[in-house]
J.: 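The structure under discussion is supplied below as structure tokens; questions concerning it will follow.
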Protein chains: 2
Amino acid sequence: MQPEKLENLEPDTERKILEAAGKVFMQKGRLGASMQDIADEAGINRTLLHYYFRNKEKLFDTIFTKLLSQVFPTMVEAFASDRPFMEKIRIFVETYADLLKENPYLPVFVFQEISLNPDRLAGIIKHVGVDPDLALKGLTKEMESLGVHGMDPRHIIANLLGMVLFPYIGRALFQKIAFQDDTEAYEKFLEDRKEQVPRFVNMALQGSGQGPGQSRKHP
Amino acid sequence: MQPEKLENLEPDTERKILEAAGKVFMQKGRLGASMQDIADEAGINRTLLHYYFRNKEKLFDTIFTKLLSQVFPTMVEAFASDRPFMEKIRIFVETYADLLKENPYLPVFVFQEISLNPDRLAGIIKHVGVDPDLALKGLTKEMESLGVHGMDPRHIIANLLGMVLFPYIGRALFQKIAFQDDTEAYEKFLEDRKEQVPRFVNMALQGSGQGPGQSRKHP
DNA sequence: GTCTATATGGCGATAGAC
DNA sequence: GTCTATCGCCATATAGAC
């Protein structure tokens with residue numbers, strides 16, 4: 001781990017590898033990314049990858065687990081807090097907007113990988129230790145106190161995740177078709193969604209009018 | 001099917017190939033699928049694939065174009081009709097629900113592929129000849145007549161597509177975390193969304209109360 | 001720890017017999 | 001049109017020098 005190094009003092013090689021691997025895997029996918037690609041991105045020799053992580057699979061597992069361990073808690077915790085409902089929604093949307101802005105390829109990458117290899121999930125879920133039941137129960141209660149009765153909260157979650165993730169998952173297609181491939185316009189659109197998505201949810205749940213957590217810009 | 005078999009008379013080999021290739025490509029992705037996989041699925045010899053379609057790339061392009069040509073029009077036409085707004089929403093949701101039920105891997109596959117290789121899109125869009133501007137203009141007008149002012153209709157589209165597609169894109173993950181991996185419960189959930197999504201949109205756009213196209217079950 | 005050289009296997013693609 | 005046999009490439013992985 002800590003090698004004495006007079007001539008080539010970079011014990012942070014491992015860090016560079018992880019960083020490069022994350023980037024390359026997300027952009028090209030597990031199969032599309034070659035070890036050479038990752039080595040190039042990290043600026044090191046290819047065989048070093050095998051020295052630090054025995055093979056491609058192990059390297060990938062490390063990256064994948066790391067990414068999901070970072071994403072899952074954010075998701076659940078946003079709903080596990082004791083803030084008012086619409087406040088949770090707003091926090092959730094903004095947290096993900098920031099996360100996705102920095103990792104735009106993350107959703108496609110994750111879902112493609114899980115879809116291809118669902119077994120990988122089991123281990124990771126254990127490793128992270130999320131408890132969605134708790135958050136779900138809380139949601140149900142809060143929705144009822146908002147006057148929404150008999151609605152499975154998982155519909156809300158699915159709606160929310162869909163609305164937040166779609167602009168990233170379908171970006172290449174959506175930007176080209178609905179924005180004439182205007183990147184700047186699309187980025188403005190992404191920014192707008194931080195406001196539009198919570199408002200949409202709010203209106204759907206509360207009926208018309210402005211709910212809490214909507215006081216910044218124009219109506 | 002046809003037990004008639006003197007030597008090997010099957011000129012519908014091409015059809016079998018296309019069917020098999022579509023299935024295998026969707027399930028394993030372009031890179032994950034090998035020509036051998038496709039040949040096996042079609043029940044033919046591997047070199048026959050090269051006889052009918054020169055190489056893997058050409059075979060893939062055929063499949064991909066075919067799939068998108070089937071999906072795009074459905075999407076745009078649902079909004080280009082002159083039915084009332086909520087009717088369009090309902091039709092859109094149900095059409096996609098049916099399509100996705102039969103091709104659950106389609107969204108991940110398409111978005112992954114486009115994300116990896118955006119260039120492929122340009123040709124296909126031309127080939128299909130969609131005109132989203134028209135549908136967008138119409139949407140804006142209809143929303144205003146519903147009392148929704150100053151809202152970019154593309155937010156509605158993104159919300160709708162996200163809500164419809166997410167349960168399929170994130171199925172492996174969502175079913176495991178929020179449904180304890182209960183497949184039957186999840187399929188019930190998918191069925192429910194045909195009703196829940198239009199209602200959610202309706203409430204968001206009209207405020208509270210029941211809009212059109214919502215008369216089947218409990219309030 | 002880092003490099004060069006090399007082994008191994010899989011897959012796409014073609015040639016050629018039938 | 002369909003098969004068998006084979007070629008050549010590329011990516012993973014390891015051996016071994018420094």
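In what follows, chains carry the letters A, B, and so on, assigned in the order in which the sequence lines appear, proteins first and then strands, with residues in each chain numbered from 1.
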J.: Rounded to whole Å, please give me the gap between CZ in B/Arg54 and P in C/dT14.
T.: 7 Å
J.: Under the salt bridge (Lys or Arg N to Asp or Glu O under 4.0 Å) test, which residues partner B/Asp133, sequence neighbours left out?
T.: none
J.: In whole Å, what is the span from the CZ atom of A/Phe53 to the P atom of D/dA13?
T.: 14 Å
J.: Report, one line per pair, each donor and acceptor closer than 3.5 Å where one atom sits in a side chain of residues 95-111 of chain A; sequence neighbours left out.
T.:
{"unit_1": "A/Thr95", "atom_1": "OG1", "unit_2": "A/Ile91", "atom_2": "O", "d": "2.6"}
{"unit_1": "A/Tyr96", "atom_1": "OH", "unit_2": "A/Val71", "atom_2": "O", "d": "3.1"}

J.: Please give, in whole Å, the distance from D/dA13 P to A/Asn45 CG?
T.: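 Taking atom P of D/dA13 as the reference, CG of A/Asn45 is at 15 Å.
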J.: Phosphate oxygens OP1/OP2 of C/dA13: is one of them under 4.0 Å from a side-chain N or O of B/Tyr51?
T.: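 B/Tyr51 to C/dA13 OP1/OP2: no side-chain N or O under 4.0 Å.
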J.: Whole-Å distance between D/dT12 P and A/Lys58 NZ?
T.: 16 Å
J.: With a 4.5 Å limit on heavy-atom distance, are the side chains of B/Leu68 and B/Leu121 in contact?
T.: yes
J.: Given C/dT2, is OP1 or OP2 found less than 4.0 Å from the side-chain N or O atoms of A/Thr13?
T.: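 Yes, such a contact exists.
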J.: Please report, rounded to the nearest Å, how far the C1' atom of C/dG1 is from the CG atom of A/Asp12.
T.: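 After rounding, the gap between these two atoms is 13 Å.
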J.: Output the rounded distance in Å from CD1 (A/Ile38) to C1' (D/dA13).
T.: 14 Å
J.: Distance check needed: D/dG1 P versus B/Ile17 CD1, whole Å only.
T.: 11 Å
J.: What residue pairs, at least two apart or across chains, pass salt bridge (Lys or Arg N to Asp or Glu O under 4.0 Å) with a residue in residues 66-76 of chain A?
T.: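 Sorted result for residues 66-76 of chain A: empty, none.
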J.: Please list each protein N or O that sits under 3.5 Å from an N or O in nucleotides 5-12 of chain C, with the distance.
T.:
{"unit_1": "C/dG12", "atom_1": "OP1", "unit_2": "B/Met35", "atom_2": "N", "d": "3.3"}
{"unit_1": "C/dG12", "atom_1": "OP1", "unit_2": "B/Lys56", "atom_2": "NZ", "d": "3.2"}
{"unit_1": "C/dG12", "atom_1": "OP2", "unit_2": "B/Met35", "atom_2": "N", "d": "3.0"}
{"unit_1": "C/dG12", "atom_1": "N7", "unit_2": "B/Arg46", "atom_2": "NH1", "d": "3.3"}

J.: Could you pull out all residues at least two apart from B/Arg193 that satisfy salt bridge (Lys or Arg N to Asp or Glu O under 4.0 Å)?
T.: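 Partners of B/Arg193 under the salt bridge (Lys or Arg N to Asp or Glu O under 4.0 Å) test: none.
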J.: Among residues at least two apart in sequence or on other chains, which ones pass ring-ring contact (aromatic ring centres under 6.0 Å, His included) with B/Tyr186?
T.: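 Only B/Phe179, B/Phe189 meet the ring-ring contact (aromatic ring centres under 6.0 Å, His included) criterion with B/Tyr186.
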J.: Nearest-Å distance, CG (A/Leu48) to C1' (C/dT2)?
T.: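 To the nearest whole Å, that distance equals 5 Å.
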